[in-house]
Trainee: 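Below are the structure tokens for one structure; questions will follow.
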Number of protein chains: 2
Amino acid sequence: MGTTEVDTRERIVAATSALFMQQGYSATGLKAIAKAGRATTGSLYHFFPGGKAELAAATLRHSGRGYEELVMSVIDGAPDVVTGLRACFAAAADLLRATDYVDACPIATVALEVASSDEPLRQVIDEVFRSWLDAAARRLAADGVPEERAQELAIVFVAALEGGFLLSRVARDASAMESVGRAVVAAVEDALAEARRGS
Amino acid sequence: MGTTEVDTRERIVAATSALFMQQGYSATGLKAIAKAGRATTGSLYHFFPGGKAELAAATLRHSGRGYEELVMSVIDGAPDVVTGLRACFAAAADLLRATDYVDACPIATVALEVASSDEPLRQVIDEVFRSWLDAAARRLAADGVPEERAQELAIVFVAALEGGFLLSRVARDASAMESVGRAVVAAVEDALAEARRGS
DNA sequence: GTCTATAGCTTGATAGAC
DNA sequence: GTCTATCAAGCTATAGAC
């Protein structure tokens, strides 16, 4: 188990993730992936014998886990969820501006492409989103949001992020991300106030 | 100006719109479009000499306008914006369920695909979204939401719709659309209450 | 306006040397 | 594990008959 094979595999997955984010699944050819990952067709099929489908599944799982860890670490780095969520939307807006509106959700583009046309990949993405929603709901509940409200607000949070990415990227203006962020923060603050009143 | 040419052109655009919604821009070939629209390559290039790019631009403009009219007619069919927005999210959830989670936003998939890789199409979609946001903001303002809040809530509304479509399609469960709908309705109700208090 | 045929290129995938 | 060469099938776009 040398280091070479691991590095190549990781380069391929990283390159695939970046290309998926930029142009989606169908527009990304294996040749472009191999070139960006400094690998060859041979290496690619060595690590992913199932071809493009297997590589896509591995990439979506990998970048899905990575994005969840990133978001949760931003939220956990704040003193409370509300502050954490604010930081999260601010960070997303900053990253959009800093990367010329390329660096966004590593899943969403492929998700919409395959949701109704590639059942195996749809299931992979379904698992990724479920994991995000579970993590967010747990974090909200830990700060005092009642269980059921926490699950609903987790959905609102992720949907707002995704909608914010879409509008911001198309407009090349991250203010949409900031707007949806304010709305999510207000909704969570409301839920916490209501919970404290013991409603 | 007979009826024949108009019908063919419209069939091509309608077929393109449906295929874009289902699988996006790159995965949709001109052959599939011609077949679904009961046309031939010759007819397709007769109406759209610019090829796929021109056809895509025309289709996105057309379905963008159509979707705006649909949404605004649902909202305007209600006695007030809040009720209208509620109806809007309910209708979107119903349509998702009724169409096996295929019938969603006719723009979003292509939008994410091209936002960072096809500048002319990105600009077309930018115009479509701007038109949606303007229409929604005007409708909110007409019901008493202060101008600035109305623009922000319009963004929240569209982003919630898009995020709800994404999560619902991937999960094959429209409850996400219902959740984001409740959040948007609550936010608008808050804004109206605040405006009436004269804050 | 509609049709068929085809050019020229790219795609995902395979084979076999090293 | 990595590389190159290659295949069959797909793509967008064009040409020219009708």
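Residue numbers start from 1 in every chain, and the chains themselves are labelled A, B, ... in the order their sequence lines are given, proteins ahead of strands.
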Trainee: Any sub-3.5 Å donor-acceptor pair from A:R11's side-chain atoms to A:R38's backbone N or O?
Mentor: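 Yes: the side chain of A:R11 pairs with the backbone of A:R38.
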Trainee: Could you pull out the closest heavy-atom pair between A:G144 and A:A195, with the gap in Å?
Mentor: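 The pair with the smallest heavy-atom distance is O-CB, 3.7 Å.
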Trainee: In whole Å, I'd like the distance from the CD1 atom of B:I12 to the C1' atom of C:dC3.
Mentor: 13 Å
Trainee: Grab the CD1-C1' distance between B:I33 and D:dC11 for me, whole Å please.
Mentor: 12 Å
Trainee: State which residue, out of A:S73, A:S63, A:S131, fulfils the side-chain hydrogen bond (donor to acceptor under 3.5 Å, both in side chains) condition with A:E68.
Mentor: A:S131
Trainee: What is the separation between atom NZ on A:K52 and atom C1' on C:dG12, rounded to the nearest whole Å?
Mentor: 8 Å
Trainee: Quickly work out the B:L44 CG to D:dC11 P distance and round it to whole Å.
Mentor: 13 Å
Trainee: Using modelled atom types and a 3.5 Å cut-off, is there a donor and acceptor pairing between side-chain atoms of B:S17 and backbone atoms of B:V13?
Mentor: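 No: the side chain of B:S17 does not pair with the backbone of B:V13.
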Trainee: Given atom NZ of A:K35 and atom P of D:dT4, what is their separation to the nearest angstrom?
Mentor: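 Spelled out: NZ on A:K35 to P on D:dT4 is 14 Å.
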Trainee: Have a look at A:V188 and tell me which of A:V82, A:D80, A:D143, A:V156 forms a side chain to side chain contact (heavy atoms under 4.5 Å, CB included) with it.
Mentor: A:V82
Trainee: Find the distance B:F47:CZ to C:dC3:C1' and express it as a whole number of Å.
Mentor: 13 Å
Trainee: Go through the side-chain N and O atoms of A:Q23 and A:T28 and say whether any donor and acceptor fall under 3.5 Å apart.
Mentor: yes
Trainee: Nearest whole angstrom, please: distance from the P of C:dT2 to the CZ of B:R11.
Mentor: 8 Å
Trainee: Heavy atom of residues 23-31 of chain B under 4.0 Å from DNA chain D: which residues?
Mentor: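 Within residues 23-31 of chain B, the residues near DNA chain D are B:T28, B:G29, B:L30, B:K31.
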Trainee: Side-chain donor-acceptor pair under 3.5 Å between A:E119 and A:Q123, yes or no?
Mentor: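 Yes, because at least one side-chain N or O of A:E119 sits under 3.5 Å from a partner of the opposite role on A:Q123.
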Trainee: What's touching nucleotides 15-18 of chain C from the protein side, N or O pairs under 3.5 Å?
Mentor:
none

Trainee: Please work out whether the ring planes of B:F89 and B:F157 are parallel, tilted or perpendicular, with thresholds of 30° and 60°.
Mentor: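 Aromatic pair B:F89/B:F157 classed perpendicular.
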Trainee: Report the nucleotide, chosen from C:dT14, D:dT2, C:dT2, that has the shortest atom-to-atom distance to any side-chain atom of A:Y45.
Mentor: C:dT14
Trainee: Using whole Å, report how far CG of A:L55 lies from C1' of C:dA13.
Mentor: 13 Å
Trainee: Any pair with a residue in residues 162-189 of chain A that passes ring pair (Phe, Tyr, Trp, His ring centres under 6.0 Å), sequence neighbours left out, goes on the list, sorted by first then second residue, please.
Mentor: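 For residues 162-189 of chain A: none.
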